[in-house]
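In what follows, a single structure is set out as structure tokens and then discussed.
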Amino acid sequence: QVQLVEAGGGLVQPGGSLRLSCAASGSISSINAMGWYRQAPGKQRELVAHITSSSSTNYADSVKGRFTISRDNAKNTVYLQMHSLKPEDTAVYSCKAWASAKVYWGQGTQVTVSS
């Protein structure tokens, strides 16, 4: 079993920055990769960023150059550093972990980009 807890969401002005964190606990060794998804009202959930155990990463085209996903193995935590935020980045951001036999989700954290 894996538990994921997100933090760092909130209200930020356009052009601002936020850093989201996702702390994993439980069967950490079973996790193969982790990622961040987001879902805005009226839109489907989309993959924002993904990082593997070997630190290979990929990003949605809409966030490339602005967002960075990283991992701190000592803290069992994955981060999403977001810069140059735009109103269209407003969404619930959720952490996902791919484990050996299952997929796990955090509860999500709200990011709102508005003046």
Side-chain angles (χ1 to χ4, degrees):
Q1 297 293 318
V2 173
Q3 296 80 44
L4 305 174
V5 179
E6 300 107 329
L11 175 65
V12 64
Q13 295 183 355
S17 300
L18 282 175
R19 188 180 73 162
L20 307 182
S21 64
C22 174
S25 61
S27 301
I28 305 301
S29 62
S30 69
I31 298 175
N32 298 312
M34 297 185 69
W36 288 95
Y37 286 73
R38 68 185 181 186
Q39 187 169 26
K43 295 183 178 292
Q44 292 187 332
R45 193 194 309 268
E46 65 175 345
L47 176 66
V48 176
H50 171 271
I51 186 167
T52 69
S53 59
S54 62
S55 296
S56 177
T57 61
N58 71 284
Y59 299 89
D61 288 342
S62 59
V63 307
K64 285 182 179 178
R66 300 188 298 120
F67 292 10
T68 302
I69 188 169
S70 61
R71 183 185 70 242
D72 185 337
N73 289 334
K75 297 181 179 179
N76 301 130
T77 300
V78 170
Y79 301 93
L80 185 68
Q81 180 66 60
M82 304 183 292
H83 295 295
S84 302
L85 283 162
K86 306 174 181 179
E88 52 262 44
D89 294 319
T90 296
V92 174
Y93 286 71
S94 300
C95 181
K96 181 179 181 179
W98 288 263
S100 297
K102 295 182 178 180
V103 174
Y104 299 91
W105 289 90
Q107 65 180 12
T109 184
Q110 176 71 46
V111 172
T112 302
V113 184
S114 179
S115 299

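Just so you know, residue 1 is the first one in the sequence shown, and it goes up from there. All heavy atoms count here, side chains included; hydrogens, waters and symmetry mates do not.
V92 and V113 sit in two unconnected hydrophobic clusters of ILVMFWY residues. Membership requires side-chain heavy atoms under 4.5 Å apart, directly or through other members. Y79 and V48 sit in two unconnected hydrophobic clusters of ILVMFWY residues. Membership requires side-chain heavy atoms under 4.5 Å apart, directly or through other members.
Closest approach of T52 and A33 over heavy atoms only: CA-CB, 3.9 Å. Closest approach of M34 to A24, counting heavy atoms only: CE-CB, 4.5 Å. For A99 against Y104, the heavy-atom pair with the smallest separation is CB-CE1, 3.6 Å. Across all non-hydrogen atoms, the minimal contact from L4 to C95 is CD1-O, 3.7 Å. Considering every non-hydrogen atom in both S84 and S17, the closest pair reads N-OG, 4.5 Å.
For S25, the side-chain contact (heavy atoms from CB on, under 4.5 Å) partners at least two apart in sequence or on another chain are Q3.
Close placement of the W105 and Y37 rings is indicated, their centers lying within 6.0 Å of each other.
At distances below 3.5 Å, at least one donor-acceptor pair connects side-chain atoms of T77 with backbone N or O atoms of K75. In this structure, the side chain of Q13 does not engage the main chain of S115 through any donor-acceptor pair within 3.5 Å. In this structure a side-chain-to-backbone donor-acceptor pair under 3.5 Å is missing from T109 to A7.
Between K86 and D89 there is no salt bridge, since no side-chain N of the basic residue sits under 4.0 Å from a carboxylate O of the acidic one.
Contact check for V2 versus S30: side-chain heavy atoms found under the 4.5 Å cut-off. Taking the side chain as every heavy atom from C-beta outward, H50 and W98 approach each other to under 4.5 Å. With a 4.5 Å cut-off on side-chain heavy atoms, E6 and Q107 count as touching. With contacts defined as side-chain heavy-atom distances shorter than 4.5 Å, the pair T68/L80 does not qualify. No side-chain heavy atom of Y59 sits less than 4.5 Å from a side-chain heavy atom of L47.
Between L85 atom CG and T90 atom OG1 the span is 8.5 Å, to the nearest 0.5 Å. Rounding to the nearest 0.5 angstrom, the gap separating the CD1 atom in I69 from the CE atom in M82 is 11.5 Å. With rounding to the nearest 0.5 angstrom, the OG atom of S55 is 7.0 Å from the CG atom of N73. Remark: S70 OG to I51 CD1 distance equals 6.5 Å, nearest 0.5 Å. Atoms CZ and NE2, from F67 and H83 in turn, are 10.0 Å apart once rounded to the nearest 0.5 Å. Separation of atoms CZ (R71) and OG1 (T57) is listed at 10.5 Å; rounding is to 0.5 Å.
Of the N and O atoms on the side chains of R38 and S94, not one donor lies less than 3.5 Å from an acceptor on the other residue.
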Stepwise side-chain contact (heavy atoms from CB on, under 4.5 Å) check, S114 with L11: CA-CA 7 Å; S114 179; L11 175 65; 4.2 Å; yes
